[in-house]
K.L.:
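One structure follows; several queries about it will come next.
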Amino acid sequence: MGLNRFSLPAMAVIMMINAMLLSQGCLEEERIALLQIKTSFAEYPNRKPNQLSYWGKDALCCSWEGVTCSNSTTRRVVEIDLSYARYWYSSMGDWHLNASLFLPFQELKVLDLAGNGIAGCVANEGFERLSRLAKLEVLYLGYNNFNNSILSSLEGLSSLKYLYLCGNQLQGSINMKGPSKLNKLETLDLSYNNFNNSILSSLDGLSSLKYLHLDGNQLEGSINMKEFDSLSNLEELSLAGNKIQDFIALTGYEGPPRLNKLESLDLSYNKINDSTLSFFKGFSSLKHLHLRNQLDGSIDTKGLCEFKP
Ligand SMILES: *[C@@H]1O[C@H](CO)[C@@H](O)[C@H](O)[C@H]1NC(C)=O
Ligand SMILES: *[C@@H]1O[C@H](CO)[C@@H](O)[C@H](O)[C@H]1NC(C)=O
Ligand SMILES: *[C@@H]1O[C@H](CO)[C@@H](O)[C@H](O)[C@H]1NC(C)=O
Ligand SMILES: *[C@@H]1O[C@H](CO)[C@@H](O)[C@H](O)[C@H]1NC(C)=O
Ligand SMILES: *[C@@H]1O[C@H](CO)[C@@H](O)[C@H](O)[C@H]1NC(C)=O
């Protein structure tokens, strides 16, 4: 054998370096794609350092801030946190994202793009491209400038379980054409947009929804219980900070019980009064009912927007 006792320490060092590379390294293809993302997010040279600033200083991209890799020996990127990664002012105008930049991450499970002033995607490179990422479960798009045109590009992301669109420019209702492919979606956060009462019935393709947040929108007056007919699996419904006065059920309704899995209902900061409270006795599974402050109907807690799974 060529091994002598003097080369053992050297071998140990080499093995340690190898182990380190294995644990922090990543696929060449994914590292290059991360650097492309960095380039596209870092258009403004004088910005404050953030998670992107140190990307590329070494090749061990699984240790880069905001990047999480799987624990398997293949070390694929499973999570990318780009929240507030782009330096921008509202006066800088619309910014459009190239969603295809994320296609190399075939094992990606969580993508956080919150707070980057994104108005939409570049032509033909929208979120519909991400339907090829079969493991994508969590998409944070909160606090951007998306309008309703974002919605059709998300319809095909059939692996999604959690979708956060709070704090954008969405309005009216969602126009879902035909049955939605989002049939695994459990959590939908549409808080702090400009949706009106029509939003509830327009969610009828999303029958797997368990958690729905619509805080700080334009829902008002009487909410007809039939709006909830397709949302029979809801466990948590948050409607705080709207102008809701009461809930009504048409007399003579004999269909299946509505919202009979609902455990938590938040109606704080609305216009509910004592005379309508008896209605809530109808929610047989309700454990938590929040009715704080029904006086002015305004809510200023924007920070509540994202509730992470
Ligand atoms: C990897 O394993 C560690 C320790 O068991 C765990 O804390 C971490 O969540 C795992 N990461 C992933 C992405 O599974
Ligand atoms: C979007 O990104 C992909 C992948 O990097 C690239 O091939 C494509 O040319 C880009 N499209 C535009 C319009 O920049
Ligand atoms: C919605 O956003 C897209 C992408 O930025 C833009 O092209 C479109 O004009 C916007 N639509 C409206 C009604 O503002
Ligand atoms: C909600 O907004 C949509 C589109 O903006 C409109 O067509 C609809 O009539 C509105 N619904 C209610 C109940 O105001
Ligand atoms: C309570 O709310 C109901 C339904 O919105 C309304 O008809 C009634 O006038 C309200 N009562 C008071 C005292 O404001």
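Atoms within each ligand, like the ligands themselves, are counted from 1 in listed order.
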K.L.:
Less than 3.5 Å between some nitrogen or oxygen of Asn98 and one of ligand 2, yes or no?
P.N.:
yes

K.L.:
Determine whether Thr68 and Val77 make a side-chain contact, defined as any pair of heavy atoms from C-beta on separated by less than 4.5 Å.
P.N.:
no

K.L.:
Salt bridge (charged side-chain N to carboxylate O under 4.0 Å, His left out) for Glu186 and Lys161? Distances and angles first, verdict last.
P.N.:
CA-CA 5 Å; Glu186 290 180 8; Lys161 287 190 184 164; 5.4 Å; no

K.L.:
If we only count heavy atoms from C-beta on, is the Leu203 to Leu188 side-chain gap below 4.5 Å?
P.N.:
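In short, these two side chains touch, coming nearer than 4.5 Å.
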
K.L.:
At a 4.0 angstrom heavy-atom cut-off, what protein residues surround ligand 4?
P.N.:
Gly172, Asn196, Ser198

K.L.:
With atoms numbered from 1 as shown, which atoms in ligand 2 lie under 4.0 angstrom from a non-hydrogen atom of Leu101?
P.N.:
5 (O)

K.L.:
Which of the atoms of ligand 2 are close to Gln36, meaning less than 4.0 Å from one of its heavy atoms?
P.N.:
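Matching atoms, with element in brackets: 5 (O).
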
K.L.:
In sequence, state the C-alpha distance, the side-chain angles, and the governing distance for Glu79 and Lys109, and then conclude on salt bridge (charged side-chain N to carboxylate O under 4.0 Å, His left out).
P.N.:
CA-CA 6 Å; Glu79 199 170 322; Lys109 212 171 142 187; over 6 Å; no

K.L.:
Can an N or O of His96 be found at a distance shorter than 3.5 Å from an N or O of ligand 3?
P.N.:
yes

K.L.:
Mind checking whether Leu200 and Asn197 have side chains closer than 4.5 Å, heavy atoms only?
P.N.:
no

K.L.:
Do Asn233 and Lys210 have a side chain donor and acceptor closer than 3.5 Å?
P.N.:
no

K.L.:
Got a second to check how far Ser285's OG is from Glu263's CD, nearest 0.5 Å?
P.N.:
6.0 Å

K.L.:
May I ask you to check if the distance between the SG atoms of Cys69 and Cys62 is under 2.5 Å?
P.N.:
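Cysteines Cys69 and Cys62 qualify as a disulfide pair, their SG atoms being under 2.5 Å apart.
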
